[in-house]
**Student:** 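Below you will find the structure I want to go over with you.
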There are 2 protein chains.
Amino acid sequence: MAVTIKDVAKKAGVSPSTVSRVLSNHPRISAETSRKVKEIMDQLGYHPNIMAKSLVSKTTNSICIMLPKSAEELFSNFFFMELIRGIVTQANRLGFDVLLSSGANEKEEVECVSRLLNGHRVDGVILLYSRINDPVIDFLYKNNHNFVLIGRSEQYPDILSVDNDNVQASYDATKHLISLGHKRIGFVSGPPELVVSKDRLKGYLLALNDAGLETKPEWIVEGEFLQESGYRAISFFMNLPDRPTAIVLIDDVVSFGVLRGLYELNYKVPEDLCLVSFNNIPLAEMSTPPLSSVDIGIYNMGYTASGMLIQAIQNNSGDKTVPGRYIIPHRLVVRESSIFSVQKD
Amino acid sequence: MAVTIKDVAKKAGVSPSTVSRVLSNHPRISAETSRKVKEIMDQLGYHPNIMAKSLVSKTTNSICIMLPKSAEELFSNFFFMELIRGIVTQANRLGFDVLLSSGANEKEEVECVSRLLNGHRVDGVILLYSRINDPVIDFLYKNNHNFVLIGRSEQYPDILSVDNDNVQASYDATKHLISLGHKRIGFVSGPPELVVSKDRLKGYLLALNDAGLETKPEWIVEGEFLQESGYRAISFFMNLPDRPTAIVLIDDVVSFGVLRGLYELNYKVPEDLCLVSFNNIPLAEMSTPPLSSVDIGIYNMGYTASGMLIQAIQNNSGDKTVPGRYIIPHRLVVRESSIFSVQKD
DNA sequence: TTGAAAGCGCTAACAT
DNA sequence: ATGTTAGCGCTTTCAA
């Protein structure tokens, strides 16, 4: 049997409550007793039972990360790992543990957060994705749980969320290509049910409109956050009669597929086609040619989301002065994949 | 206040213990009461308090994943994300939650697992890495905790672990290059404190020896699981008077750095240098040229480790018939980066 | 088949 | 500054 607070109390000749006070650095405890109790504690190898503490304090000092139903299909792994690193780092710094969960589908996801939150297993949840019309968000919102979104919700614009200004980011990326003289610019998007796909598409269209450039439905293709998407998209694009001379891509990984496809078709980047994508993963710098990419501060998003959630949890019995929405700044990193200027035609 | 077992009991006109029995599918409970109680449960929106249950049952149905101190520096993110996916999937399937933790250094890591395990927060731990002389492993082993290692321990060969036969895998990769006629083969290793680096180096040397080929200290360089390592290594290799015509690399990501470096130096793969690396990440297939790589079944390793740990936890009060060590099979996937045969010289 | 009661390890009034 | 006491919500003998 593990050593409990009572064992420590007995051996130290004090009451259990005194030991408890020492544990939580209660102000009104004599330095002497504190020292003695602490000594006995590690003499006995005492470790507080976290479950017992949680039971009475009604707080778990834990948060939960919900992975999307099929992380492997939707996103580049890099994105998630980086987000998670940020979340875990900040949570640990603030004395919180992090639980990782996922469901096979939306129903399971709801059941999962419900079990965890209502079962007092965790104090709050971070969703790593923002889907349009998400039942998980509905559940969390309606039951007044603590949660923060990576991204944003269209239905509930005021909920806690950490996001980029994806419209602006995409606008910037597109603008960059326009400034190089490109007139025909394509867009490879992500899954349409994700808010981020929608926002980036919007920014792209806005930039073209502002520049008075033509937009064509066939210059926009939807895909996933996978190389295959880029690979497929490119054979489509390059066969168009009026093919784009540059494209904006939802994710660096998609660019890799494009690069591969272009190589096989014997096209050169940036001479035949300029590329700008999002996320700026480390590999972007090392590809041939190095990829222009919008750095969106993924780690920072995770870190910030984690801090926001924990602040919300701790403020919960007080005033609700937590800001609703936090925008992580983005930064376009121009590399070789987009340094080719188009000749006047 | 949340609804408790008592509220359900009162409303159903039974005792709390009956409700508890319904919850755990106790055999001796009438179908009628069970039905009625369950009805009341979701009528009231009852959710069992996981902490309270843990406190009395002395089991948490949770395991913990320890991330290495600086995941970002040591390994490709892909590797970890894939491992984690496997662990979480299997754990959830078996009704376990997964906690994610990390420490800034080895001391913090020990403190962390100690707090979690001794504090009855989790029932067991999975270590995602195998370092030589690891104090975390010491701690876990000496305190008789439930844990499994991804990799293996040299000090404690009998502990639960999931691993590849890395010596053989590296032997196979090297043998493949030898069979193409290469006589001068280099090796880019990982951090020397990792067991996996040691094992793969061993397999490489073994293959060269078995083939009666020369080995040279300058054909072996140590690095990290980063592109930069490959990038640096290659400028070193290519300046050697008797430079290798092929290299084995510890990780695909390192190969990407090599590819970039070779491109800048105006060398061609596989004509000037053949490459084989480990892990077979999705990008390996999409690089130019596609990379030959040893698939080590990362997801499977995580999945298996998770299952083993949970089995160990559940068997703990019974017989110790859990197998100590599980080897995940590997498979060399040959692609363009290594299809060039050397001419007889 | 069900109920009563004790207790898991801890905290937090309320005393002193 | 410290002790006493009463639970937190659940499971589990023991009795009925």
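Here the structure is a predicted model, which is why all the values come from computation and not from measurement. In what follows, chains carry the letters A, B, and so on, assigned in the order in which the sequence lines appear, proteins first and then strands, with residues in each chain numbered from 1.
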**Student:** Can you check the H26(B) NE2 to dT1(C) C1' distance for me, whole Å?
**Tutor:**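 In whole Å, dT1(C) C1' and H26(B) NE2 are 9 Å from each other.
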**Student:** Quick one: label L55(B) by what it contacts on the DNA or RNA (base, sugar-phosphate, nothing), any heavy atom closer than 4.0 Å.
**Tutor:**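 If one applies the 4.0 Å heavy-atom cut-off, L55(B) turns out to touch a base.
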**Student:** Please check this pair: side chain of S306(A) against backbone of Y303(A), looking for a donor-acceptor N/O pair closer than 3.5 Å.
**Tutor:**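 Not a single qualifying donor-acceptor pair exists.
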**Student:** Between I29(B) and A52(B), just flag the one whose closest nucleotide in DNA chain C comes earlier from the 5' side.
**Tutor:**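 Whichever sits nearer the 5' end wins; that is I29(B).
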**Student:** Side chain of K53(B) only, please: which of dT11(D), dC10(C), dG3(C) is the nearest?
**Tutor:**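 So the nucleotide nearest the side chain must be dT11(D).
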**Student:** Any pair with a residue in residues 89-101 of chain B that passes salt bridge (Lys or Arg N to Asp or Glu O under 4.0 Å), sequence neighbours left out, goes on the list, sorted by first then second residue, please.
**Tutor:**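 Salt bridge (Lys or Arg N to Asp or Glu O under 4.0 Å) check on residues 89-101 of chain B returns R115(A)-D97(B), R121(A)-D97(B).
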**Student:** Under 3.5 Å, side chain of S161(A) to main-chain N/O of R152(A), donor-acceptor pair present?
**Tutor:**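 Here the side-chain-to-backbone pair does not exist.
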**Student:** Is a side-chain donor or acceptor of D163(A) paired with a backbone partner of I327(A) at a separation under 3.5 angstrom?
**Tutor:**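 No: the side chain of D163(A) does not pair with the backbone of I327(A).
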**Student:** Are OP1 or OP2 of dG9(D) and a side-chain N or O of T4(B) less than 4.0 angstrom apart?
**Tutor:**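 Looking at the OP1 and OP2 atoms of dG9(D), neither is under 4.0 Å from any side-chain N or O of T4(B).
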**Student:** Looking at five pairs on each end of the helix from dT1(C)-dA16(D) to dT16(C)-dA1(D), what is the angle between the two axes, given to 10 degrees?
**Tutor:**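 Nearest ten degrees gives 30° for this helix.
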**Student:** Can you tell me how far C1' of dA4(C) sits from NZ of K6(B), to the nearest Å?
**Tutor:**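 My rounded result for the distance is 12 Å.
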**Student:** Detail all sub-3.5 Å separations between protein N/O atoms and N/O atoms belonging to nucleotides 13-16 of chain D.
**Tutor:**
residue: dT13(D); atom: O4; partner: R21(B); partner atom: NH2; Å: 3.4

**Student:** Over how many whole Å does the gap from R35(A) atom CZ to dA1(D) atom P extend?
**Tutor:**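 In whole Å, dA1(D) P and R35(A) CZ are 17 Å from each other.
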**Student:** Does the pair E154(B)/R131(B) count as a salt bridge with the N-to-O cut at 4.0 Å?
**Tutor:**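 Salt bridge: no.
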**Student:** With no hydrogens and no angle check, is any side-chain donor or acceptor of N61(B) less than 3.5 Å from a backbone partner on F96(B)?
**Tutor:**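 Looks like no, no N/O pair under 3.5 Å.
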**Student:** Decide yes or no for I132(B) and V195(B): does some side-chain heavy atom of the first lie under 4.5 Å from some side-chain heavy atom of the second?
**Tutor:**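 Yes, at least one pair of side-chain atoms sits under 4.5 Å.
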**Student:** Quick one: is S54(A) getting a side-chain N or O under 4.0 Å of the dC10(C) phosphate, OP1 or OP2?
**Tutor:**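 It does not, given that no N or O in the side chain of S54(A) lies less than 4.0 Å from OP1 or OP2 of dC10(C).
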**Student:** Among dT11(D), dT1(C), dG9(C), find the nucleotide with the atom closest to the side chain of T33(B).
**Tutor:**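 The closest nucleotide is dT1(C).
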**Student:** What's the closest nucleotide to the S15(A) side chain, out of dT11(D), dT4(D), dC10(C)?
**Tutor:**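 Looking only at heavy atoms from C-beta outward on S15(A), the closest nucleotide is dT4(D).
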**Student:** Check this for me, if you would: do E39(A) and K36(A) make a salt bridge, where the nitrogen-to-carboxylate-oxygen distance has to be below 4.0 angstrom?
**Tutor:**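 No, this pair does not count.
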**Student:** What is the distance from CG of N49(B) to P of dG9(C), rounded to the nearest Å?
**Tutor:**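 From N49(B) CG to dG9(C) P: 17 Å.
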**Student:** Between F139(A) and H145(A), what is the ring plane arrangement, given parallel below 30°, perpendicular above 60°, and tilted in between?
**Tutor:**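 Judged by the thresholds at 30° and 60°, the geometry between F139(A) and H145(A) is tilted.
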**Student:** Nearest-Å distance, CZ (R121(A)) to C1' (dG9(D))?
**Tutor:**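 Going from R121(A) (CZ) to dG9(D) (C1'), I get 15 Å.
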**Student:** Rounded to the Å, how far apart are M51(A) CE and dG7(D) C1'?
**Tutor:**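 Atom CE in M51(A) sits about 20 Å away from atom C1' in dG7(D).
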**Student:** For S30(B), report the nucleic acid contact type (base, sugar-phosphate, nothing); a contact means any heavy atom under 4.0 Å.
**Tutor:**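 Sugar-phosphate contact only - S30(B) comes under 4.0 Å of backbone atoms but never of a base.
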**Student:** Rounding to a whole Å, what distance do you find between N61(A):CG and dC10(C):C1'?
**Tutor:**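 Distance check: N61(A) CG to dC10(C) C1' gives 14 Å.
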**Student:** Looking at dG3(C), I'd like to know if its phosphate oxygens (OP1 or OP2) sit under 4.0 Å from a side-chain N or O belonging to T18(B).
**Tutor:**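 The answer is yes; a side-chain N or O of T18(B) sits under 4.0 Å from OP1 or OP2.
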**Student:** Whether the side chain of D42(B) engages the backbone of G45(B) through a donor-acceptor N/O pair (distance < 3.5 Å, no angle test) should be reported.
**Tutor:**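 Between the backbone of G45(B) and the side chain of D42(B) there is no qualifying donor-acceptor contact (under 3.5 Å).
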**Student:** Rounded to the Å, how far apart are K58(B) NZ and dC10(D) P?
**Tutor:**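 Checked: the NZ to P distance equals 17 Å.
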